[in-house]
Structures are given as structure tokens and as C-alpha cells.
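In what follows, a single structure is set out as C-alpha cells and then discussed.
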Amino acid sequence: MNVFTLGLRVTAIANETDGIVDVIAESLPASDKRIPTKLQLKQKKDHYVGKLLQKLEENETCLAIGPTKPTPDGVLVMQPILIVTKENFDDLLAMNLFIATGGLGPKSDEVELEDTTVTNRSLAWQNDEKETSWFKLSAFGELSKQLSELAPGTPTIAVGKVSSSTKDEKTYLNYTVDKVLYLPKSSRTTPKKAADPEKGKVTTAALGSIDFSL
């Protein structure tokens, strides 16, 4: 996962080329001794965040959140998923992001939908008191294929959005995956079959040797 949260000051207002909005900014230093980091914010012109970028004025401050990559010139390039100013501060309160870590449960086959595929698969996480929490992840398209093929017990970090739905007078939590990272497994033997999520148990080997505590 590569998501930065940065407080910025706009140094050059939006420039639009081939449908892409480009805004130059610099990070707000915590002290006078820190050198501001230069950023280039890029988003599609018709995207909600792209429209916000077009409204930014020189010297205006904002909060930018999104995936970022460095350049050889020492400039960070960000494709923001959220831009927060004084005018739209409530957008920050509406953020929906979960990060779940643990070991994958039993394998699950992809299910064909009208125009894509989906895989629903459990992820187990254990706290210091050895209490196990299970998250039923839902991945679509290419992520669906990846999630269905991995071996039980694979240490995993899943990032996405949480929502709820109702069926037969019951409420269910849904964890829709936007990004999945798979880490090297422990040298210990991984069980042939991970524990049943309904029983709320999972072996230590299924969680791998990496400390996933947040």
C-alpha cells in the first residue's frame, strides 16, 4: 500500500493538459528549519477531485490524500483520492478506509458475474489475547483471481471500503477490497486447511511469523 496524507500549500494553480489537471504544491513544514517537499497533484479533469483541484488558488492550504510516487528530481507525484479545504472539510469526515491484516482462510472459488468475477474469502487476525477476528473479504476482477489462488495461511494486508447490508432481517458487514498485498509466509509448516471461520479459531502457522499489530 502506498497512500500519503500531506498538508500542502498551493504554489501554482491548476493547469489542464489532455484532460488531466496538474497542480503544483509544497508540503507545510513543521518548523522553519524543514525544507518543504514539492508535490505535483494530478487527476482527471472530470473526476470529483479533479474539479476540486481546479478551484485551488495560489497560497491556499489543503490536505491531500492519495497514492504517491517519487521522481528523480525529488518531487512527489500524487494522484489524490481526496482534497480537503476549509470549504469541504466534511469530506474528510466521510472517509471510508479499512486496513485488515492476517492470514487467509480456506480457498474460495471465483464466482462469475455479468461483467466481472468476485471472490469472497476470510481473513483471520489474532490480538495479543489470542482472540481471533474474521473478516470476509470481497474482491472483484483481477483482485478476485489473485485472492482465489493464494494458499491458506498466506500473510495478507487488505485495503478497501466497509459497508453493511441486510438479508433475512440480519445485518452483515461487507469488506470490499481495493488493494491486496501478500507477504512472505513463515518458514513454519502451513496447515493443509485453515481453521473454520465459524469456529473462530486459527492456528499460529496460518497467521505467519510477521507481527501485524497496528
**OP:** Please collect all ring pair (Phe, Tyr, Trp, His ring centres under 6.0 Å) contacts where either partner lies in residues 37-87, sequence neighbours excluded, each pair once.
**Re:** none
Original post:
Just how far is it from atom OH of Tyr182 to atom CD1 of Ile157, taken to the nearest 0.5 Å?
Top reply: 11.5 Å
**OP:** Nearest 0.5 Å please: distance from the CG atom of Leu56 over to the CD1 atom of Ile13.
**Re:** 10.0 Å
Subject >> Least distance between heavy atoms, Pro106 atom then Pro152 atom >> reply: CA-CG, 4.4 Å
Original post:
Linking I/L/V/M/F/W/Y whenever their side-chain heavy atoms sit closer than 4.5 Å, directly or via other members, would Val77 and Ile20 fall into one cluster?
Top reply: no
Subject >> Gln126 and Thr132: side chain donor to acceptor below 3.5 Å >> reply: yes
Original post:
Of the non-hydrogen atoms in Thr176 and Phe98, which two are nearest, and what is the gap between them?
Top reply: O-CE2, 3.7 Å
**OP:** Please tell me if the side chains of Lys42 and Met78 come closer than 4.5 Å, counting only heavy atoms from C-beta onward.
**Re:** no
**OP:** Look only at the side chain of Thr71 and the backbone of Val75, and say whether a donor-acceptor pair between them is shorter than 3.5 Å.
**Re:** yes
**OP:** Taking Ser164 for its side chain and Leu173 for its backbone only, find out whether a donor-acceptor pair lies under 3.5 Å.
**Re:** no
**OP:** Please check if the side chain of Arg121 supplies one atom and the backbone of Lys136 the other of a donor-acceptor pair under 3.5 Å.
**Re:** no
Subject >> Residue among Leu53, Leu6, Val49, Leu76 satisfying side chain to side chain contact (heavy atoms under 4.5 Å, CB included) with Leu41 >> reply: Leu53
Original post:
Using 4.0 Å as the upper bound for N to carboxylate O, is an ion pair formed by Asp178 and Lys161?
Top reply: yes
Original post:
Do Leu147 and Ser138 have side-chain heavy atoms sitting under 4.5 Å apart?
Top reply: no
**OP:** State, without any angle test, whether Asn174 and Ser165 hold a side-chain donor-acceptor pair at a distance under 3.5 Å.
**Re:** yes
Original post:
Can any side-chain N or O of Ser144 pair as donor or acceptor with the backbone N or O of Glu142 at less than 3.5 Å?
Top reply: no
Subject >> Minimal non-hydrogen separation, Val159 against Ile99, with atom names >> reply: CG2-CG1, 4.3 Å
Original post:
Between Val21 and Leu63, is there a shared hydrophobic cluster once you connect ILVMFWY residues whose side-chain heavy atoms come closer than 4.5 Å?
Top reply: no
Original post:
Going through the distances and angles, do Val162 and Asn96 end up as a side-chain contact (heavy atoms from CB on, under 4.5 Å)?
Top reply: CA-CA 7 Å; Val162 62; Asn96 186 335; 3.5 Å; yes
**OP:** Would you indicate whether Glu114, at its atom CD, is surrounded by more than 12 heavy atoms from other residues, nucleotides or ligands within a distance under 6.0 Å?
**Re:** no
Original post:
Can you tell me if CG on Asn127 sees more than 12 non-hydrogen neighbours from other groups inside 6.0 Å?
Top reply: yes
Subject >> Thr119 side, atom OG1; Asp109 side, atom CG - distance, nearest 0.5 Å >> reply: 8.0 Å
Original post:
Hey, does the side chain of Ser133 reach the backbone of Glu131 with a donor-acceptor pair shorter than 3.5 angstrom?
Top reply: no
Subject >> Separation of Ile65 CD1 from Ile83 CD1 (nearest 0.5 Å) >> reply: 8.5 Å
Subject >> CG on Leu93 to CG on Asn88, rounded to 0.5 Å >> reply: 10.5 Å
Original post:
Side-chain contact, heavy-atom cut-off 4.5 Å: Val84 with Leu82?
Top reply: yes
Original post:
Is it true that Leu28 and Val10 fall in one hydrophobic cluster, defined by side-chain heavy atoms closer than 4.5 Å?
Top reply: no
**OP:** Taking Gln54 for its side chain and Lys45 for its backbone only, find out whether a donor-acceptor pair lies under 3.5 Å.
**Re:** yes
Subject >> Same apolar cluster: Val118 and Phe135, side chain cutoff 4.5 Å >> reply: no
Original post:
From Asn120 CG over to Leu137 CG, what is the distance, rounded to the nearest 0.5 angstrom?
Top reply: 9.0 Å
Subject >> Check: Glu60 side chain, Glu57 main-chain N or O, donor-acceptor pair, under 3.5 Å >> reply: yes
Subject >> Donor-acceptor contact present, side-chain Thr11 to main-chain Ile24, <3.5 Å >> reply: yes
**OP:** Please confirm whether the backbone N or O of Ser108 pairs with a side-chain atom of Ser148, one donor and one acceptor, at under 3.5 Å?
**Re:** no
Original post:
Short question: side chain of Arg9, backbone of Ala25 - any donor-acceptor pair under 3.5 Å?
Top reply: no
Subject >> Working for side-chain contact (heavy atoms from CB on, under 4.5 Å), residues Val177 and Phe140 >> reply: CA-CA 8 Å; Val177 175; Phe140 295 84; over 6 Å; no
Subject >> Results of salt bridge (charged side-chain N to carboxylate O under 4.0 Å, His left out) for Lys107 - residues two or more places apart only >> reply: none
**OP:** Not counting sequence neighbours, list each pair that qualifies as a side chain to side chain donor-acceptor pair (under 3.5 Å) and has a residue in residues 13-27.
**Re:** Asp22-Gln40
Subject >> Non-hydrogen atoms of Pro67 and Ile81 that approach each other most closely >> reply: CD-CG2, 4.0 Å
